[in-house]
Amino acid sequence: MTQDELKKAVGWAALEFVTPGTIVGVGTGSTASHFIDALGSIKDQIEGAVSSSEASTEKLKSLGIPVFDCNEVDSLDIYVDGADEINGNMQMIKGGGAALTREKIISAIAKKFICIVDSSKKVDVLGKFPLPVEVIPMARSYVARELVKLGGLPEYRLNVVTDNGNVILDVHNLAIIDPVELENKINRIAGVVTVGLFANRGADVVLMGTLDGVKTITQ
Ligand code: 5RP
């Protein structure tokens, strides 16, 4: 099986968590894109979706799935999204697709975060994947200097402006032993909009695509 086939398998497996008649939180990326395809197959059974990016919104609409403004929704049963890395405590690095801020907002609203990944995303220690940080443009250099003080090597993601009009710093060289502490520290830097560490609020369920099938992991 290819990596994309593993992503497809978990994208479709996530349908079992969708309750008919509800609004579904939808993530961003190639794995989430498979979930959107799956959602399209039951579009008449759901009320609609809240989307974490312009790209996902466009795809949802193209499949005829109504997309709600996040402000219209008090709570969501589930948020389904991929990850760039996930550890044994279901904490994640996200934001490879630059959608981390809206992803964090929707996951905060959702009762359950269903993380859909292929097994290559599983790590013992987070940080090999450069940690994305969304930053207000005028704070870019200041935030970069602060991230260096935390032991990271920030790299400005060229030619990328987020859906919120901000820039991304990808932080290399981190072995994230205490993800909650690092998430809190980076959140405290002025000019940081969002750090792509999902540690305070990790996943509740992980669907992992492996060569032996889709494994469901809960804590
Ligand atoms: C986007 C994300 C994605 O979930 C993450 O990058 C994984 O992407 P993919 O499913 O394409 O491997 O956080 O901001």
Side-chain angles (χ1 to χ4, degrees), residues 1-15 17 24-39 49-60 70 76 78-87 90-110 112-123 126-135 155 157 159-172 174 176 179 183 186 192-210 214:
M1 265 181 130
T2 64
Q3 188 182 21
D4 191 58
E5 285 166 339
L6 297 176
K7 290 180 177 193
K8 184 175 180 181
V10 290
W12 282 79
L15 273 191
F17 292 88
V24 182
V26 173
T28 296
S30 54
T31 319
S33 178
H34 286 300
F35 174 64
I36 297 174
D37 285 330
L39 216 47
V50 172
S51 164
S52 61
S53 65
E54 300 299 330
S56 290
T57 297
E58 199 178 309
K59 179 158 182 163
L60 286 157
C70 198
L76 295 165
I78 59 166
Y79 175 60
V80 180
D81 198 2
D84 298 300
E85 280 186 352
I86 183 158
N87 69 13
M90 298 167 130
Q91 297 164 315
M92 297 159 282
I93 286 182
K94 293 185 45 53
L100 60 163
T101 296
R102 296 188 189 190
E103 293 174 343
K104 211 170 245 197
I105 294 167
I106 303 178
S107 70
I109 294 169
K112 264 193 186 167
F113 187 136
I114 317 286
C115 179
I116 48 174
V117 284
D118 66 87
S119 51
S120 72
K121 306 294 182 69
K122 172 86 177 65
V123 296
L126 297 170
K128 197 166 177 198
F129 188 93
L131 177 65
V133 182
E134 181 166 348
V135 175
E155 183 185 10
R157 201 183 293 182
N159 304 319
V160 170
V161 176
T162 69
D163 287 345
N164 316 302
N166 299 313
V167 297
I168 299 279
L169 295 173
D170 290 306
V171 191
H172 298 252
L174 293 171
I176 306 174
E183 182 179 6
I186 296 177
V192 167
V193 177
T194 304
V195 54
L197 254 180
F198 286 59
N200 283 290
R201 201 270 191 260
D204 300 292
V205 177
V206 179
L207 299 179
M208 190 171 291
T210 76
V214 175

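Counting starts at 1 for both ligands and their atoms, following the listed order. Heavy-atom basis, side chains included; hydrogens, waters and symmetry copies ignored.
For the pair Lys112 and Phe17, the cation-pi criterion (under 6.0 Å, within 45° of the ring axis) is not fulfilled.
Smallest separation of non-hydrogen atoms from Cys70 and Ile106: SG-CG1, 4.5 Å. For the pair Gly127 and Ile93, the tightest heavy-atom approach, listed with the atom from each and the gap, is N-CD1, 3.6 Å.
Among protein residues, Lys7, Thr28, Gly29, Ser30, Thr31, Asp81, Gly82, Ala83, Asp84, Lys94, Gly95, Gly96, Gly97, Ala98, Ala99, Glu103, Lys121 come within 4.0 Å of ligand 1, judged on heavy atoms.
Evaluation of the side-chain hydrogen bond (donor to acceptor under 3.5 Å, both in side chains) rule for Ser107 yields no partner, not counting sequence neighbours.
A salt bridge between Arg102 and Glu54 is present, with a side-chain N of the basic residue lying under 4.0 Å from a carboxylate O of the acidic one. We find that Lys94 and Glu103 are joined by a salt bridge, their nearest charged nitrogen and carboxylate oxygen being less than 4.0 Å apart.
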